[in-house]
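Note sheet for the following structure.
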Amino acid sequence: MYMGFQWWCCCCTVFLFSSSLFMWDAVLGEYEYYNNYNNGTSSSIGGEKISCNIYQGSWVLDNTYPLYDSSGCPYIDPEFDCQKFGRPDKLYLSYSWKPSSCDLPRFDGKDFLERMRGKKVMFVGDSLSLNHWQSLMCLLHAAVPGATTSFSRNQDISTLFFQDYKVSVMYYRSTYLVDLVKKSDGVALVLDSIQTGNAWIGMDMLIFNSWHWWTHNGNSKPWDYIQVGNQKYNDMNRLVAFSKGLSTWSDWVDRNIDPTKTKVLFQGISPTHYNGNDWNQPGAKSCAGQSQPLSGSTYPGGSLPQDGVVKSVLSKMSKPVTLLDVTLLSQLRKDAHPSAYSGDHAGNDCSHWCLAGLPDTWSQLLYAEMVL
């Protein structure tokens, strides 16, 4: 339903419709370009290349996993704590990611803290960034269980501070990265404005994420209209809107980030599993009851258009941004969602991920980008 051309505006309908077609063709053209082009072995865009594509591989059973016991981590929100809320199976905890042409460094929490000594790490994004941030906190807590720490929440920022290392691991909630502004005529999603970015300045590492909320509709979307410049739209093709908003973010990074002081990463698109046709299991209506990942290195449902948008935007940036390209390896993990075993989400959650679980591999890949 989000792939249609839905444009409503008080001004010229014909002009807006033709403009939307032009922008949509551009988005699809860039997506097709990246599908054909981005088949190399680099794990970063705009930055240093590493010798192996750590994002191409498969899942293997590994009896050394999970990397921590969720019952021993005090930082997991109920929505991700699947074992606590009754998930009966545990096999999903015992898989590790194996790249096709190299070995992935095992996560070393003490080394991570030493490398980041005296520094600040911030995740910026939606609940998938929260999922990732809590994974990293659990991994570090398991590595240094006796370390002196303090935890604080201040409006949009949550911080875990490791006093022995003077390391801050932070989460800043920003569902769209661009601004949501309350105005006299409603809440506007302003695609060409980032006023909240001052909170991101001064970090030593920034890990951004966005997409999950761009698909929300009806009562679940937090905005009343979309604004670009002085133009207001009742709605817009969401991939076009995402591309515009992400371009505003990329411009912000190019203007405000000094790469000699701050390493910037973008957490790739996190997939959902609500349709078994995507993994050649037509009888499956969702991730419910799935207990094993897909084998091999390809996903039957193919690549995601929003992933193409991310890669296209990153490719045009003047400052180096590393892509944590977690999409494919996460598509293979139809078994790793909370489904009905979430303490916060009613129904069947096939969007977020259990902790311990898949986001720990995202954290391992983040560590690999530091050391390889």
What do you reckon, is NZ of Lys98 surrounded by more than 12 foreign heavy atoms closer than 6.0 Å?
yes

Can you tell me if CD on Gln155 sees more than 12 non-hydrogen neighbours from other groups inside 6.0 Å?
no

Please determine if Arg117 forms a cation-pi arrangement with Phe162, meaning its NZ or CZ atom is less than 6.0 Å from the six-membered ring centre and no more than 45° off the ring axis.
no

For [X] and [Y], I'd like to know if the aromatic rings sit close, meaning centre-to-centre distance below 6.0 Å.
X	Y	answer
Phe107	Tyr367	yes
Tyr55	Trp97	no
Trp214	Phe242	yes
His132	Phe123	yes
Tyr75	Trp133	no

Side-chain heavy atoms under 4.5 angstrom apart, residues restricted to Ile, Leu, Val, Met, Phe, Trp, Tyr: same cluster for [X] and [Y]?
X	Y	answer
Tyr176	Leu191	yes
Val181	Ile226	no
Leu177	Val313	yes
Tyr95	Tyr341	no
Ile54	Val60	no

Atom of [X], atom of [Y] and distance for their closest heavy-atom approach:
X	Y	result
His141	Gly72	NE2-O, 3.3 Å
Leu104	Ala368	CD1-CB, 3.8 Å
Pro305	Leu239	CB-CD1, 3.6 Å
Ile76	Gln134	CA-OE1, 3.4 Å
Pro222	Leu180	CG-CD1, 4.0 Å
Ile157	Thr159	CG2-OG1, 3.8 Å

Backbone N or O of [Y] within a donor-acceptor pair of the [X] side chain at under 3.5 Å?
X	Y	value
His352	Glu79	no
Ser193	Val190	no
Lys84	Asp81	no
Ser243	Val240	no
Ser220	Asn217	yes
Asp62	Thr64	yes
Ser210	Thr175	yes
Thr248	Lys244	yes

Heavy-atom check, side chain of [X] versus side chain of [Y], under 4.5 Å:
X	Y	result
Leu140	Leu113	yes
Ser94	Asn63	no
Val321	Leu265	no
Ile207	Asn209	no
Gln227	Tyr233	no
Asn256	Ile201	yes
Met205	Lys120	no
Thr149	Leu160	yes

Side chains of [X] and [Y], donor plus acceptor under 3.5 Å:
X	Y	answer
Asp360	Tyr68	yes
Asp344	Ser342	no
Ser351	Tyr274	yes
Ser270	Ser330	no
Asp185	Tyr225	yes

Please lay out, stage by stage, how Arg333 and Thr361 fare under the test side chain to side chain donor-acceptor pair (under 3.5 Å).
CA-CA 11 Å; Arg333 293 306 307 270; Thr361 297; 5.7 Å; no

Derivation and outcome, side-chain contact (heavy atoms from CB on, under 4.5 Å), residues Ser71 and Gln83
CA-CA 8 Å; Ser71 65; Gln83 289 296 310; over 6 Å; no

Do Lys311 and Asp325 pass the salt bridge (Lys or Arg N to Asp or Glu O under 4.0 Å) test, and can you show the C-alpha distance, the side-chain angles, and the key distance before you say yes or no?
CA-CA 9 Å; Lys311 291 174 179 176; Asp325 197 2; 3.5 Å; yes

Give the ring-plane orientation class for Trp353 versus His337, where under 30° counts as parallel, over 60° as perpendicular and anything between as tilted.
parallel

If you apply the rule salt bridge (Lys or Arg N to Asp or Glu O under 4.0 Å), what do you find for Asp108 with Lys110, and how did you get there?
CA-CA 6 Å; Asp108 187 333; Lys110 290 184 179 179; over 6 Å; no

Output every pair passing salt bridge (Lys or Arg N to Asp or Glu O under 4.0 Å) with a member in residues 251-277, not counting sequence neighbours, ordered by first then second residue.
none

Please list all pairs meeting salt bridge (Lys or Arg N to Asp or Glu O under 4.0 Å) that have one or both residues in residues 167-182, counting only residues at least two apart or in different chains.
none

So Leu365 and Leu329, side-chain contact (heavy atoms from CB on, under 4.5 Å) or not? Walk me through it.
CA-CA 11 Å; Leu365 292 162; Leu329 62 93; 3.6 Å; yes

Candidate pair Leu130 and Phe80, rule side-chain contact (heavy atoms from CB on, under 4.5 Å), full reasoning:
CA-CA 10 Å; Leu130 176 69; Phe80 311 134; 4.0 Å; yes

Salt bridge check: are Lys221 and Asp224 linked by an N-O gap of less than 4.0 Å?
no

So Met203 and Val121, side-chain contact (heavy atoms from CB on, under 4.5 Å) or not? Walk me through it.
CA-CA 6 Å; Met203 300 297 120; Val121 179; over 6 Å; no

Which pairs of donor and acceptor atoms, one on a side chain in residues 282-302, lie under 3.5 Å apart (sequence neighbours left out)?
from, atom 1, to, atom 2, distance (Å)
Ser286, OG, Ala288, N, 3.1
Ser286, OG, Asn348, ND2, 2.7
Gln290, OE1, Lys334, NZ, 2.7
Gln290, NE2, Gln281, OE1, 3.3
Ser297, OG, Gly57, O, 2.7

Take Asp235 and Arg238 through the test salt bridge (Lys or Arg N to Asp or Glu O under 4.0 Å) and record every step on the way to the result.
CA-CA 8 Å; Asp235 208 338; Arg238 301 304 177 80; 3.0 Å; yes

How far does CG of Leu324 sit from CD1 of Ile269, to the nearest 0.5 angstrom?
12.5 Å

